[in-house]
S.K.: 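What follows is a single structure, and I will ask about it in a moment.
Just the heavy atoms: all of them, side chains too, but no hydrogens, waters or symmetry mates, feed the values below. Quick note on labels: first sequence line is chain A, next is B, and so on, each numbered from 1.
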Amino acid sequence: MVLAELGRKITTALRSLNNATVINEEVLNAMLKEICSALLEADVNVRLVKKLRENVRGAIDFDEMAAGVNKRRMIQTTVFQELVKLVDPGVKAYQPVKAKPNVIMFVGLQGSGKTTTCTKLAYHYMKKGWKTCLVCADTFRAGAYDQLKQNATKARIPFYGSYTEIDPVIIAQDGVEMFRKENFEIIIVDTSGRHKQEDSLFEEMLQVSNAVDPDNIIFVMDATIGQACESQARAFKEKVDVGSVIITKLDGHAKGGGALSAVAATQSPVIFIGTGEHIDDLEPFKTKPFISKLLGMGDIEGLVEK
Amino acid sequence: LFKGLVGGKTLTLDDMAPSLEKLKDHLIGKNVASDVAGKICDSVGAKLNGKVLGTFQTVSSTVKAALEESLLTLLRPRRQVDVLREALEAKRQGRPFIVTFCGVNGVGKSTNLAKICFWLIENDMRVLIAACDTFRAGAVEQLRTHVRHLNALHPPKNGKAFVELYEKGYGKDAAGVAAEAISFAKDSRQDIVLVDTAGRMQDNAPLMRSLAKLIRVNNPDLVLFVGEALVGNEAVDQLVKFNTNLADFSDESNPHLIDGIVLTKFDTIDDKVGAAVSMAYITGQPIVFVGTGQTYTDLRSLDSEAVVSALMN
Ligand SMILES: Nc1nc2c(ncn2[C@@H]2O[C@H](COP(=O)(O)OP(=O)(O)OP(=O)(O)O)[C@@H](O)[C@H]2O)c(=O)[nH]1
Ligand SMILES: Nc1nc2c(ncn2[C@@H]2O[C@H](COP(=O)(O)OP(=O)(O)OP(=O)(O)O)[C@@H](O)[C@H]2O)c(=O)[nH]1
Ligand SMILES: [Mg+2]
Ligand SMILES: [Mg+2]
């Protein structure tokens, strides 16, 4: 994602510090400009980029800096820490607990990949020996239940849904209750796509959440999204207790920087990324290794601990 | 009193640089792709370079007005795509009018195809929907559901349903299904065939090749690219690569490229309307339809003035 190319641009920008004979305001600004435009090209939210720039500028005061301070190192560390903030909300993701029902509800914008990712996640846990199932609480999208049913059947994952019930709250409640009784460990609830501009859809999401009392709510975001992500993600978080993020469609050219703003907006970590349409195209995502890979420099990673 | 007002001055690129830089960032904030925002601002600079400022004009207001003008020109279609008129023309020639929908995954191809179908049958057209997404789970049932709803809204006239579905289930070659659907539409004298295709990533060569084949074999009248208003910088890469793939895999001297754009999910982006600019800039093709919601009536044509004013404020 955001990685390879962006990482390369950022390291090049940081290295420009090494080539400069004196490190001054001008050099810093030039470097920041390069980094910021790389971030914007990757769709990182403009406000986050601006904040990053201001934070770095604020932390580096050339007049105050004591002689002998390694300016290069200080700038690199500050930039790095700011980049880390983009991907690391500093909270741990929910970990399902064995031998008890873990209800996981999926939410997100229309077409972001919820239904596909539900089955991928169920399959992921099933392969690891968890007792896993799916509930289709999308009664709005044409063919939604068929989609989930076909995916689940192919993967041999038990599922629940209805062709006749039109209230997603009832389906979610009944399905989760049934699977709880049957001692399923991972109960995944798929919901309709929705957006903040439509109150009734957000209200419905809250009702589904209240009905199933999820242990974790996963916000699914598409890697191609641009500047609209942040306000949508924030609105989802304000309505329900989003705890994790999954970024989908990272098998293409998209860098996923727009989707990353969902991390800051929901204060939730990315836990998986989707890398294709097939059931096993799901990769666990670990923030720390991601970050060290981000700049492709082992020695930079050491900087973050300081 | 007249601070900041410069009169009778010749504009240089240096004078304009700060204003242009600010406007570029502003456009990026509105979700115009960085590259496109940069190029548009550069061209505004080039256009104004050497011009003489009016007495009461500031550099920044002059630059802003010129940008507004450029954006309007960009978004106002040079070429009108009039689906109804073209479909009637095809009908006079005794053949169905064929529209293919393509785009990346989940952008709203099938849903907006159904909305366009609704609009067509409101205009008394008989439509065949060809289910050529033979890959994604539920894709066929999704269309079948729409056909059922649409026919319920418009009960059959003279015993003939307004819309029918042509489907061959999953796993089949999409180009072949489309071909069969088109010949079925000819035989049963339907006016329009709407061809739904599977979503695909622009970098996925096998899938892009199969789309190019579908278009080459079936020679549709109209190839619509469906893109969502939510998309950021990827808009550029999607459109460039759909077009180059259609060209490269077509082995024809005059390949059929994207004719127009369906811009979806316009209701989800508030004033961040920049994707419209990116898409129009890259293709030079008109935005034929705008999707503004999830029901059949949520279909509009592009209001260029409104888009520009959302961009500028
Ligand atoms: N290439 C690629 N396609 C994906 C990925 N995840 C999902 N998709 C595709 O994206 C499209 C939309 O996925 P869905 O799972 O239907 O999305 P959704 O969020 O459930 O959609 P709604 O229920 O309508 O809101 C489908 O074509 C999926 O196959 C991914 O990681 N990579
Ligand atoms: N808010 C909003 N949602 C839309 C609009 N158009 C489509 N959608 C929703 O977007 C989701 C995906 O739509 P589809 O029509 O299945 O998308 P697709 O491009 O056919 O998806 P694939 O075939 O899986 O690639 C559905 O939930 C639609 O209801 C729109 O204009 N506004
Ligand atoms: Mg779904
Ligand atoms: Mg579709």
Side-chain angles (χ1 to χ4, degrees), chain A residues 36-47 49-50 109-116 119 140-154 192-198 201 222-232 248-249 251-259 276-277, chain B residues 25-26 28-35 37-38 104-111 114 135-149 170 198-204 207 227-235 237-238 241 264-265 267-270 272-275 278 293-294:
Chain A
C36 291
S37 61
L39 291 170
L40 288 173
E41 275 163 35
D43 288 312
V44 176
N45 188 268
V46 282
R47 259 181 291 176
V49 174
K50 203 169 153 222
L109 291 167
Q110 291 90 349
S112 57
K114 294 175 294 302
T115 306
T116 309
T119 329
F140 179 79
R141 151 100 177 255
Y145 182 35
D146 288 293
Q147 183 184 5
L148 183 134
K149 195 172 168 176
Q150 287 170 18
N151 281 336
T153 306
K154 205 163 145 199
S192 306
R194 63 194 83 238
H195 54 296
K196 71 179 172 86
Q197 288 84 354
E198 197 140 347
L201 295 180
D222 179 324
T224 66
I225 197 167
Q227 295 294 329
C229 177
E230 200 233 10
S231 62
Q232 289 289 355
T248 61
K249 308 183 195 176
D251 45 321
H253 169 271
K255 302 190 192 73
E277 295 191 72
Chain B
D25 285 346
H26 178 79
I28 292 172
K30 295 281 183 175
N31 202 35
V32 177
S34 305
D35 182 40
V104 301
N105 304 86
V107 290
K109 294 175 293 298
S110 310
T111 307
F135 173 73
R136 206 210 70 217
V140 175
E141 288 77 9
Q142 181 180 13
L143 292 176
R144 188 180 295 134
T145 306
H146 282 304
V147 166
R148 200 179 62 235
H149 290 168
Y170 295 93
R200 64 202 77 218
M201 291 284 156
Q202 69 269 27
D203 281 319
N204 189 324
L207 295 183
E228 56 178 26
L230 289 161
V231 68
N233 282 274
E234 275 294 286
D237 197 65
Q238 286 176 9
K241 289 197 182 132
T264 64
K265 307 186 191 174
D267 52 321
T268 69
I269 49 155
D270 296 331
K272 298 195 171 43
V273 297
S278 308
Q294 297 182 270

S.K.: Where does B/Asp35 contact chain A at under 4.5 Å (heavy atoms): side chain, backbone, both or neither?
M.R.: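 Interface part for B/Asp35: neither.
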S.K.: Which residue out of B/Val107, B/Asn204, B/Ile269, B/Val104 racks up the most heavy-atom pairs below 4.5 Å with chain A?
M.R.: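 Between B/Val107, B/Asn204, B/Ile269, B/Val104, the count favours B/Ile269.
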S.K.: Could you work out, with side-chain hydrogen bond (donor to acceptor under 3.5 Å, both in side chains) as the rule, every residue matching B/Ser110, not counting sequence neighbours?
M.R.: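 Result, side-chain hydrogen bond (donor to acceptor under 3.5 Å, both in side chains) vs B/Ser110: B/Asp196.
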S.K.: Which atoms of B/Asp237 are under 4.5 Å from chain A, going by heavy atoms: the side chain, the backbone, both sets, or neither?
M.R.: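 The answer is the side chain of B/Asp237.
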S.K.: Given the options A/Thr248, A/Thr224, A/Leu148, A/Thr115, which has more heavy-atom pairs under 4.5 Å with chain B than any of the others?
M.R.: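 Ranked by contacts with chain B, first place is A/Thr224.
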S.K.: Within the distance-only criterion (no hydrogens, no angle test), does the side chain of B/Asn233 pair as donor or acceptor with the backbone N or O of B/Ser34 below 3.5 angstrom?
M.R.: yes
S.K.: Do B/Phe135 and B/Arg200 have side chains that get closer than 4.5 Å, going by heavy atoms?
M.R.: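 SC-SC contact between B/Phe135 and B/Arg200 ruled out.
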S.K.: Using heavy-atom distances under 4.5 Å, tell me whether A/Phe140 contacts chain B through its side chain, its backbone, both, or neither.
M.R.: side chain
S.K.: Under 4.5 Å from any heavy atom of chain B, what part of A/Glu41 do you find: side chain, backbone, both or neither?
M.R.: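 Both the backbone and the side chain of A/Glu41 come within 4.5 Å of chain B.
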S.K.: Any side-chain heavy atom of A/Leu201 within less than 4.5 Å of one from A/His195?
M.R.: yes
S.K.: Considering only heavy atoms, which portion of A/Lys149 lies under 4.5 Å from any heavy atom of chain B: side chain, backbone, both, or neither?
M.R.: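 Contact with chain B involves no heavy atom of A/Lys149 at all.
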S.K.: If you look at every heavy atom in A/Ser231 and A/Lys196, which pair is closest and at what distance?
M.R.: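 Taking A/Ser231 first and A/Lys196 second, the nearest heavy atoms are OG-CE, 3.4 Å.
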S.K.: Pick from A/Gly276, A/Ala142, A/Gly111: which one has the most heavy-atom pairs with chain B under 4.5 Å?
M.R.: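 Greatest number of close heavy-atom pairs with chain B: A/Ala142.
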S.K.: Mind ranking B/Gln202, B/Glu141, B/Arg148 by heavy-atom pairs under 4.5 Å with chain A and telling me who comes out on top?
M.R.: B/Glu141
S.K.: For the residue pair A/Lys249 and A/Asp222, what are the closest heavy atoms and their distance?
M.R.: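 Minimum heavy-atom contact is NZ-OD2, 2.9 Å.
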S.K.: Which one, A/Lys50, A/Gln232, A/Arg141, leads in non-hydrogen pairs under 4.5 Å with chain B?
M.R.: A/Arg141
S.K.: Quick check on A/Arg47 against chain B: is it the side chain, the backbone, both or neither that has a heavy atom closer than 4.5 Å?
M.R.: neither
S.K.: Charged N to carboxylate O under 4.0 angstrom, B/Lys241 versus B/Asp203?
M.R.: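 Yes, this pair counts.
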S.K.: Quick one: what part of A/Leu109 sits under 4.5 Å from any heavy atom of chain B, side chain, backbone, both or neither?
M.R.: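 The answer is the side chain of A/Leu109.
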S.K.: Between B/Lys265 (side chain) and B/Gly227 (backbone), is there a donor-acceptor pair under 3.5 Å?
M.R.: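 Not confirmed, B/Lys265 side chain does not pair with B/Gly227 backbone.
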S.K.: What residues form a side chain to side chain contact (heavy atoms under 4.5 Å, CB included) with B/Lys272, not counting sequence neighbours?
M.R.: A/Gln227, B/Asn31
S.K.: A/Asn45 versus chain B, heavy atoms under 4.5 Å apart: side chain, backbone, both or neither?
M.R.: neither
S.K.: In terms of heavy-atom proximity below 4.5 Å to chain A, should B/Gln238 be classed as side chain, backbone, both, or neither?
M.R.: side chain
S.K.: How far does CG of A/Asp146 sit from OG1 of B/Thr145, to the nearest 0.5 angstrom?
M.R.: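 The CG atom of A/Asp146 sits 6.5 Å away from the OG1 atom of B/Thr145.
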S.K.: Which atoms of A/Gln110 come close to chain B, meaning under 4.5 Å heavy atom to heavy atom: side chain ones, backbone ones, both, or neither?
M.R.: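 It is both, since atoms from each part get that close.
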